[in-house]
Amino acid sequence: ETGAGLSDEDWKLVEQAVTKALIKGQEFRAREGGEMRDEMLSLVRDLRQCRQDVLERAPLVITAYRDKIRERVTQLLSGTGATVSDQDLIREVSLFADKCDITEELARLQSHLGLFEDSLKAHPSAGRKLDFLCQELNREVNTIGSKSNDVAITHRVVDAKAVVEKLREIVQ
């Protein structure tokens, strides 16, 4: 007899059952991990699309602002004989463009998404790194949102924030 009063024959049955259970548990973990990885890769694709939409929309915001300012000033000065020079208009639009420039944030967002994908494909697990990258993704998306003066960009930022939150939940 071996430990716990089991016969050698009974112990072999227990050992087989435990081994089988461990193998099944490991298979389940691997399958679940693969599904989570696939879900996160899908969410990264969604974030890339949000980023692309913002990237395409951002230049239009400045053009729309310029046209709006020109129209507003023209209306306000109508009948007064006063004019606004192109130089004044350019200065105003330049200040606006500087204030809402999100070029750096979009570049960092792209970089973080690449690192996130690379980390998902790497072995072994990179849980802490993914958690940190979720924080960085959130930071960039929030900064883009705070600089946004456009409803369409704001809507994409809200979508992106929801995606980052889903990523964070899965990572944790």
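Here the structure is a predicted model, which means the values were calculated and not measured.
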Handout entry: hydrophobic_cluster_shared for Ile90 and Val61, side chain cutoff 4.5 Å
Key =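 Not linked; separate clusters.
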Does a side-chain N-to-carboxylate-O contact under 4.0 Å join [X] and [Y]?
X	Y	value
Arg91	Asp88	yes
Glu136	Arg139	yes
Glu104	Lys147	no

Practice task
Give the C-alpha distance, both sets of side-chain angles, the deciding distance and a yes or no for side chain to side chain contact (heavy atoms under 4.5 Å, CB included) between Leu77 and Thr83.
Solution key: CA-CA 7 Å; Leu77 297 179; Thr83 61; 5.6 Å; no
Side-chain touch [X]/[Y], heavy atoms, less than 4.5 angstrom:
X	Y	result
Arg108	His112	yes
Val157	Lys161	yes
Asp53	Asp159	no

Going by atom type alone, with no hydrogens or angles, which donor-acceptor pairs under 3.5 Å involve a side-chain atom of residues 65-76 and a protein atom two or more places apart or on another chain?
{"unit_1": "Tyr65", "atom_1": "OH", "unit_2": "Glu92", "atom_2": "OE2", "d": "2.7"}
{"unit_1": "Thr74", "atom_1": "OG1", "unit_2": "Arg70", "atom_2": "O", "d": "2.7"}

Practice task
Could you check Arg168 against Gln172 for side chain to side chain donor-acceptor pair (under 3.5 Å), going step by step and ending with a plain yes or no?
Solution key: CA-CA 6 Å; Arg168 191 186 64 75; Gln172 291 183 351; 2.8 Å; yes
Problem - Test side chain to side chain contact (heavy atoms under 4.5 Å, CB included) applied to Leu106 and Gln110, step by step - result: CA-CA 6 Å; Leu106 291 171; Gln110 180 77 356; over 6 Å; no
Exercise for the section: Report the distance from atom CG of Asn138 to atom OG1 of Thr143, rounding to the nearest 0.5 Å. Expected result: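 The distance works out to 9.0 Å.
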Exercise for the section: Supply the atom-to-atom distance Leu137 CG to Ser111 OG, rounded to the nearest 0.5 angstrom. Expected result: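 Atom-to-atom, Leu137:CG and Ser111:OG are 10.0 Å apart.
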Handout entry: Selection residues 22-46 - residue pairs positive for salt bridge (Lys or Arg N to Asp or Glu O under 4.0 Å), sequence neighbours left out
Key =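 Every pair satisfying salt bridge (Lys or Arg N to Asp or Glu O under 4.0 Å) with a residue in residues 22-46: there are none.
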Problem - Any residue meeting salt bridge (charged side-chain N to carboxylate O under 4.0 Å, His left out) with Glu169, in chain and number order, not counting sequence neighbours - result: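 If we apply the salt bridge (charged side-chain N to carboxylate O under 4.0 Å, His left out) test to Glu169, skipping adjacent residues, there are no hits.
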Problem - Non-hydrogen atoms of Leu43 and Val163 that approach each other most closely - result: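 Taking Leu43 first and Val163 second, the nearest heavy atoms are O-CG1, 3.3 Å.
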Problem - Verdict with supporting geometry, Leu47 and Phe116, side chain to side chain contact (heavy atoms under 4.5 Å, CB included) - result: CA-CA 11 Å; Leu47 267 177; Phe116 199 95; over 6 Å; no
